[in-house]
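Below is one structure, written out as C-alpha cells; the observations come after it.
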Amino acid sequence: MTDSRKTPLYDLHIALGAKMVDFAGWSMPVNYPAGLMAEHAQCREKAALFDVSHMGQVELRGSDVAAKFETLVPAAVTTLGEGKARYTFFTNADGGILDDLIVTNAGDHLFVVVNASMRDQDLAILRGLDIEVRELDRALIAIQGPAADEVLAQHVPIVTNLTFMQSMEAELLGADVRISRLGYTGEDGFEISLPTNRAVEITEALLQHDDLEPAGLGARDSLRLEAGLCLYGNDIDPTTSPIEAQLGWAIQKRRREEGGFPGADRILRELADGPTRKLVGIRPDGRAPARRDVEIAKDGAIIGTITSGGFGPTVEGPVSMGYVRADLATPGTTLDLMIRGKAQPATVIDLPFVPHNYKR
Amino acid sequence: MATTYYTEEHEWLEVDGDTATLGITKHAAEQLGEVVFVELKEVGDTFDKDDEIGVVESVKAASELYAPVSGEILEANEALVDSPDQVNEDPEGNSWFYKISIADASELDGLMSEAEYKALIE
C-alpha cells in the first residue's frame with residue numbers, strides 16, 4: 001500500500017471519509033461513508049461522482065494517425081467524425097483482447113483513455129507506431145446518473161447539446177477541460193478530463209450540487225455489472241476474443257470487410273461462423289451471489305466459468321456474467337452454478353440486467 | 001452470569017453455562033460492508049471447532065463463519081436469511097447467528113477476552 005500512486009483527488013477522498021484500497025497500483029476510494037448500496041442508488045436515481053484519474057489519458061498525433069491507429073484496433077477510426085468517441089480494444093495476433101479503451105477524434109489529434117492496469121502495456125503498443133504519443137498528466141472524473149446533465153449544465157450549459165459518445169473541449173470554472181458524454185454505469189453522464197492543479201477545487205464545486213454525491217470503485221463495479229459492461233481482466237483478456245465477448249457491434253462494417261487489425265483471421269471467422277463460447281448474463285435463481293471463477297455446469301458437466309458476479313443493488317439480487325458453451329447461450333437456458341460445492345440453479349438472460357439510460 | 005469470548009475470525013460467543021449465542025463482531029460487519037446473503041446450518045447439526053458453519057456475503061466479498069468451539073446448533077436466526085441487511089444493524093445484539101450447545105468447555109480457553117479482541121483490531 002505504501003507505494004500506491006495517489007490521484008490528484010486523494011486528499012479530498014480522505015476528507016470525505018472514503019475507505020481507500022489499492023487498485024492497479026493506485027490508492028482509490030472503494031466507498032464513502034454512505035456505502036456501496038447508497039452510492040449505487042444515488043447513481044441510478046440522481047447523480048454520482050467518480051474519480052477515475054487512475055486511468056491512462058493519451059494524446060496521439062501525426063500524419064495519418066487514425067489510419068495507423070486502425071492497425072491496432074478493429075474499430076473504424078479514420079471515418080470517426082470530429083467530436084465523436086468510440087469504444088474499441090487492442091487485439092493480439094490470436095484475436096484476444098489486450099485492453100479495451102475509448103478513442104475520441106479530438107480534431108487535430110486522437111484522445112485515448114485506457115485502463116489503469118494496462119497503461120504501461122498500452123503505451124508500449126502505441127509507441128510501436130510512427131506517431132507522437134503523449135501521456136497526459138490530468139485528472140479524470142465521471143459524473144453519472146439521470147441528473148448528470150443538470151449538474152454539469154449548471155457550470156457548462158452547452159453540455160446539454162452533447163449526445164451519447166460525443167465529446168467537446170469546454171471551459172469549466174475557468175479551466176480548460178474535455179467533456180465526453182459516456183461512462184461505465186449504464187446511465188447518462190459525462191467524463192471530464194481536467195487539469196491536475198484545479199481538480200480538487202472543481203470537484204468540490206461540482207459536489208455542491210444537491211443531486212451529486214461521491215461514489216467509489218465498489219459502486220462503479222456493481223453499476224457496470226448490472227449494465228452488462230465488460231471489466232478488463234475479468235470478462236475480457238488476451239484469451240477471449242471480441243466475438244466471444246459479444247463485442248462484435250464494436251467492429252464497424254468497413255473493418256469487417258477489410259480486416260487489417262491484429263487477430264483479424266480469428267475474429268472475422270468467428271463473426272461469420274460463430275464462436276465456440278459466449279459471454280452471457282446469468283441470473284442465479286436463488287440469493288447466493290456467484291462470483292468470479294465459479295464454475296458453470298449443465299447436466300453435470302462443466303460448460304463455463306463466471307467472470308464477474310456479485311449482488312446487484314438495483315436488481316435487488318445476485319447478478320453474474322460468464323462464458324458458456326455457445327449452444328447454451330440462448331436467453332432462458334437453465335444452468336447450474338457450482339457455489340461452495342453445491343449446484344445452484346441459474347438462468348441465462350439478455351444483458352443488460354438494468355436497461356441503459358443513455359442520451360441518444 | 002454470561003461471559004463473552006471473541007475469536008480471530010471476528011466472531012463473538014456469549015457463553016451461559018453449557019450453551020452460547022454466536023455472532024460476528026461489529027468490526028467484522030463494518031469490514032465486510034453491507035451484507036446481502038446469509039446461509040445457515042440447520043438446527044440439530046453438530047460441528048467440530050473450526051468447521052465452517054455458515055456463509056456471510058456482502059456487496060464486496062464472501063466470507064465464512066467458523067465454529068469457535070465444538071457443539072450443536074440449538075437455534076438458527078432465520079431472520080438473517082430473509083433480511084441479510086440486519087447483520088449490519090445490530091451484529092453484537094439482535095443479529096446473532098446461532099444459539100449452540102458447547103461440547104467441550106475447555107475449548108473456550110483458546111478464545112479471546114473483550115480486552116484482547118479490542119487490542120487485536122486496533
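In what follows, chains carry the letters A, B, and so on, assigned in the order in which the sequence lines appear, proteins first and then strands, with residues in each chain numbered from 1.
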Applying a strict 4.5 Å limit to non-hydrogen atoms, the region of A:R287 in contact with chain B is both
Answer key: most heavy-atom pairs under 4.5 Å with chain B among A:A288, A:P318, A:G35 is A:A288
**Asked** Taking atom NZ of A:K46 as the centre, does the number of heavy atoms from other residues, nucleotides or ligands within less than 6.0 Å exceed 12?
**Response** no
Open item on the list: Does B:E8, at its CD atom, have more than 12 non-hydrogen atoms belonging to other residues, nucleotides or ligands within less than 6.0 Å?
Closed with: no
Ranking A:G218, A:S222, A:G310, A:P289 by heavy-atom pairs under 4.5 Å to chain B gives rank one to A:P289
| request: Give a yes or no on whether B:N94 atom CG has more than 12 heavy-atom contacts from other residues, nucleotides or ligands under 6.0 Å away. | output: no
The complete set of salt bridge (charged side-chain N to carboxylate O under 4.0 Å, His left out) pairs with one or both residues in residues 294-310 of chain A, sequence neighbours excluded, reads none
| task | Using a cut-off of 6.0 Å, state whether more than 12 heavy atoms not belonging to B:K49 lie near its atom NZ. | result | yes
Residues of residues 98-117 of chain B with a heavy atom under 4.5 Å from any heavy atom of chain A, in residue-number order, are none
Among residues 28-42 of chain B, those lying within the under-4.5 Å heavy-atom range of chain A are B:Q31, B:E34, B:V36, B:F37, B:E39
Those residues of residues 53-62 of chain B that come under 4.5 Å of chain A on a heavy-atom basis, listed by number, are B:V55, B:E57, B:S58, B:V59, B:K60, B:A61, B:A62
Under 4.5 Å to a heavy atom of chain B? For A:N31 that would be side chain
Cut-off 4.5 Å, heavy atoms of chain B, and the answer for A:A219 is neither
